[in-house]
Protein chains: 2
Amino acid sequence: MNPALIKVMLVDDHPMVQDGLSACLSFYDDIAIVGNCGDGSAVLETAKQCQPDVILMDISMPKLNGLEATEIITESLDSAKVLIFSMHESAEFVTNAVQAGASGYILKDTNSEEVYQAIKSIAQGKSYFSSSIAKMLIENPPAQANARLTAREQMILSYIAKGQSSKDIAQTLTISVRTVEAHRRNIKSKLNLDSLAELVRYAMNQGLIDS
Amino acid sequence: MNPALIKVMLVDDHPMVQDGLSACLSFYDDIAIVGNCGDGSAVLETAKQCQPDVILMDISMPKLNGLEATEIITESLDSAKVLIFSMHESAEFVTNAVQAGASGYILKDTNSEEVYQAIKSIAQGKSYFSSSIAKMLIENPPAQANARLTAREQMILSYIAKGQSSKDIAQTLTISVRTVEAHRRNIKSKLNLDSLAELVRYAMNQGLIDS
DNA sequence: AGTACAATCCGTACTACTACCGACATCAAG
DNA sequence: CTTGATGTCGGTAGTAGTACGGATTGTACT
């Protein structure tokens, strides 16, 4: 076993992205793909088997999203560094990712050379962020960092984003309409979002609902 | 020049997907990538230069979305067949794509072998659809086919999806609130969507707003 | 024991949106 | 020239959501 060999594990729900990354990274002989995983819920188990140095992780996935998966990984396996590979170019996502323990964040509109450089940096214990990230953090307001929703709030939000009214949700969960409205207010306050449309976009980006 | 060589052009706004596809398809010696394009607005020009047999096109792109680009291509270049490569697994997208002139529709969760098969079918003048598409068309309601929004309606919808109220939009466009509300009703009626949340999701999937 | 937070519920008044009905001007196509 | 689609605007009534106020329970951590 080459001691300089970097073991990389892929986590993405799109097989084509996995195939593409595998193919691109196979050109570099100091990188080995040791496993991949199409769902956040199986990440920890797979990672324990593969013992990767770097985990290249998509943020938006069904079931368990990338941020939660990252948190689980960084708490359970300190040998593995997490590199987020996202299409979302928003300051909020980056800060959330860093708080969850990610070592780096690159965008899906980067080329394979930059992915390679990022993986090498992460493996050496450094951090790596796409060049456009810094620019974005400056331009976009830093936003609120404390945007963690409770399980109940996430549940309510997912129903909201699916198009259900407060009344519907109240009936579904057999609670009062006022309670749902209170959750609604709390969610909007926490996320610092005003309109229903922004809530829906947030929910979609977080993977709380599909497509 | 090998007469059996299939010239393929890629249209996707994610360089990594382009790189991945190029890498995957390079294993097949009867396929040649003759060009790629990161934006729907430059598709026609690039296609005229490259003269591809098959155009592998993403649906959701900034500026000009894949469906509109497909329509332009199929009307201007009948030599080129369009194969849609989408992550959206909804009957509505498929029917819209076919109406726009696409010869096939595959999902991003297919593997590279299936992409290759799809390209070969399309090049021979056949059509190709992911196996899950047929299942989906049966399970999902056939939905309404006549879902074409006018330019004005698209504009209104984009403002709605950005979180603006009817009042805001009326002020922005200097028209009456009642007019905006009328457009709202027409849009929902055309798309057969009830809730604001569904409108937002539709707009996002159509690429009318970013992220 | 005290504090903090989550989750539950209520009153009241206001704003936004919806559903139903209607209308009129314009412009392209049959 | 009539027909249809589009974009414009209105009345009226009802429903949904928001913005202020509160309040009570339970759990969990210090």
Side-chain angles (χ1 to χ4, degrees), chain A residues 67-68 71 75 96 99 144-204 206 208-209, chain B residues 68 71 75 96 99-100 144-204 206 208-209:
Chain A
L67 292 180
E68 299 172 67
E71 202 161 353
E75 283 171 0
N96 283 343
Q99 282 184 338
Q144 74 306 339
N146 49 351
R148 245 352 186 353
L149 298 183
T150 65
R152 195 59 159 174
E153 286 166 344
Q154 285 193 32
M155 186 182 297
I156 302 278
L157 177 53
S158 73
Y159 283 119
I160 292 174
K162 277 173 193 156
Q164 302 219 9
S165 69
S166 296
K167 201 170 150 193
D168 293 338
I169 300 171
Q171 286 176 348
T172 306
L173 302 178
T174 54
I175 55 178
S176 160
V177 177
R178 316 310 299 273
T179 306
V180 179
E181 288 175 349
H183 282 303
R184 240 187 151 99
R185 260 177 284 140
N186 293 336
I187 292 169
K188 297 212 282 191
S189 168
K190 275 192 184 177
L191 301 178
N192 199 26
L193 299 177
D194 268 341
S195 64
L196 202 164
E198 288 172 298
L199 284 184
V200 176
R201 281 191 283 163
Y202 177 88
M204 285 186 70
Q206 292 295 312
L208 292 178
I209 52 172
Chain B
E68 298 173 68
E71 201 161 354
E75 283 171 0
N96 283 342
Q99 282 184 338
Q144 73 308 337
N146 50 350
R148 246 352 185 356
L149 297 184
T150 66
R152 196 60 160 175
E153 286 166 344
Q154 285 193 30
M155 186 182 298
I156 303 278
L157 177 53
S158 74
Y159 284 117
I160 292 174
K162 277 172 192 154
Q164 302 217 12
S165 67
S166 296
K167 202 170 151 192
D168 293 338
I169 300 170
Q171 286 176 349
T172 306
L173 301 178
T174 55
I175 55 177
S176 162
V177 178
R178 313 313 299 276
T179 306
V180 179
E181 288 174 348
H183 283 304
R184 243 188 149 96
R185 259 176 286 138
N186 292 336
I187 292 169
K188 296 212 283 192
S189 167
K190 274 192 185 180
L191 301 178
N192 200 26
L193 299 177
D194 268 341
S195 64
L196 202 163
E198 287 172 300
L199 284 184
V200 176
R201 281 191 284 163
Y202 178 89
M204 285 187 69
Q206 291 295 311
L208 291 178
I209 52 172

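Chain identifiers are assigned alphabetically (A, B, ...) following the order of the sequence lines, protein sequences preceding nucleic acid strands; residue numbering begins at 1 within each chain.
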Test side chain to side chain contact (heavy atoms under 4.5 Å, CB included) applied to Ala170(B) - qualifying residues, sequence neighbours left out: Val177(B), Val180(B)
Heavy atoms only: give me the nearest [X]-[Y] pair and the separation to one decimal.
{"X": "Ser195(A)", "Y": "Gly163(B)", "value": "OG-CA, 3.2 Å"}
{"X": "Ala161(A)", "Y": "Ala203(A)", "value": "CB-CB, 3.6 Å"}
{"X": "Glu198(B)", "Y": "Leu193(B)", "value": "O-CD1, 3.7 Å"}

Nucleotide interval of DNA chain C bounded by contacts with chain B (heavy-atom cut-off, under 4.0 Å): dA16(C) to dC21(C)
Pairs touching residues 156-182 of chain B that satisfy salt bridge (Lys or Arg N to Asp or Glu O under 4.0 Å), sequence neighbours left out: Arg178(B)-Glu181(B)
Residues in side-chain hydrogen bond (donor to acceptor under 3.5 Å, both in side chains) contact with Ser166(A), at least two apart in sequence or another chain: Arg184(A)
Test side-chain hydrogen bond (donor to acceptor under 3.5 Å, both in side chains) applied to Thr179(B) - qualifying residues, sequence neighbours left out: none
Ignoring hydrogens and angles, write down the donor-acceptor pairs under 3.5 Å from the side chains of residues 152-160 of chain B, residues two or more places apart or on other chains.
{"from": "Glu153(B)", "atom 1": "OE1", "to": "Thr150(B)", "atom 2": "N", "distance (Å)": "2.9"}
{"from": "Glu153(B)", "atom 1": "OE1", "to": "Thr150(B)", "atom 2": "OG1", "distance (Å)": "3.3"}
{"from": "Glu153(B)", "atom 1": "OE1", "to": "Lys190(B)", "atom 2": "NZ", "distance (Å)": "2.9"}
{"from": "Ser158(B)", "atom 1": "OG", "to": "Met155(B)", "atom 2": "O", "distance (Å)": "2.7"}

Nearest 0.5 Å, what's the [atom1]-[atom2] distance between [X] and [Y]?
{"X": "Lys188(B)", "Y": "His183(B)", "atom1": "NZ", "atom2": "NE2", "value": "15.0 Å"}
{"X": "Thr174(A)", "Y": "Ile169(A)", "atom1": "OG1", "atom2": "CD1", "value": "13.0 Å"}
{"X": "Asn186(B)", "Y": "Leu191(B)", "atom1": "CG", "atom2": "CG", "value": "10.5 Å"}

Axis deviation across the helix from dA1(C)-dT30(D) to dG30(C)-dC1(D), five-pair ends, to the nearest 10°: 50°
Rounded distance in Å - [atom1] ([X]) to [atom2] ([N]):
{"X": "Leu196(A)", "N": "dA19(D)", "atom1": "CG", "atom2": "P", "answer": "12 Å"}
{"X": "Met155(B)", "N": "dG7(D)", "atom1": "CE", "atom2": "P", "answer": "9 Å"}
{"X": "Leu193(A)", "N": "dG17(D)", "atom1": "CG", "atom2": "P", "answer": "17 Å"}

First of Glu181(B) and Glu153(B) reached from the 5' end of DNA chain D, by closest nucleotide: Glu153(B)
Positions of residues 162-172 of chain A (non-hydrogen atom under 4.0 Å from DNA chain D), listed by number: Ser165(A), Ser166(A), Lys167(A)
Side chain to side chain, Leu196(A) and Val200(B), heavy atoms closer than 4.5 Å: no
Give each protein N/O atom lying under 3.5 Å from an N/O atom of nucleotides 8-11 of chain D, with the pair distance.
{"from": "dT8(D)", "atom 1": "OP1", "to": "Arg152(B)", "atom 2": "NE", "distance (Å)": "3.2"}
{"from": "dT8(D)", "atom 1": "OP1", "to": "Arg152(B)", "atom 2": "NH2", "distance (Å)": "2.6"}
{"from": "dT8(D)", "atom 1": "OP2", "to": "Arg152(B)", "atom 2": "NE", "distance (Å)": "3.2"}
{"from": "dT8(D)", "atom 1": "OP2", "to": "His183(B)", "atom 2": "NE2", "distance (Å)": "2.8"}
{"from": "dC9(D)", "atom 1": "OP2", "to": "Ser176(B)", "atom 2": "N", "distance (Å)": "2.5"}
{"from": "dC9(D)", "atom 1": "OP2", "to": "Thr179(B)", "atom 2": "OG1", "distance (Å)": "2.7"}
{"from": "dC9(D)", "atom 1": "O5'", "to": "Thr179(B)", "atom 2": "OG1", "distance (Å)": "3.4"}
{"from": "dG10(D)", "atom 1": "OP2", "to": "Ser176(B)", "atom 2": "OG", "distance (Å)": "3.1"}
{"from": "dG11(D)", "atom 1": "N7", "to": "Arg178(B)", "atom 2": "NH1", "distance (Å)": "3.3"}
{"from": "dG11(D)", "atom 1": "N7", "to": "Arg178(B)", "atom 2": "NH2", "distance (Å)": "3.1"}
{"from": "dG11(D)", "atom 1": "O6", "to": "Arg178(B)", "atom 2": "NH2", "distance (Å)": "3.2"}

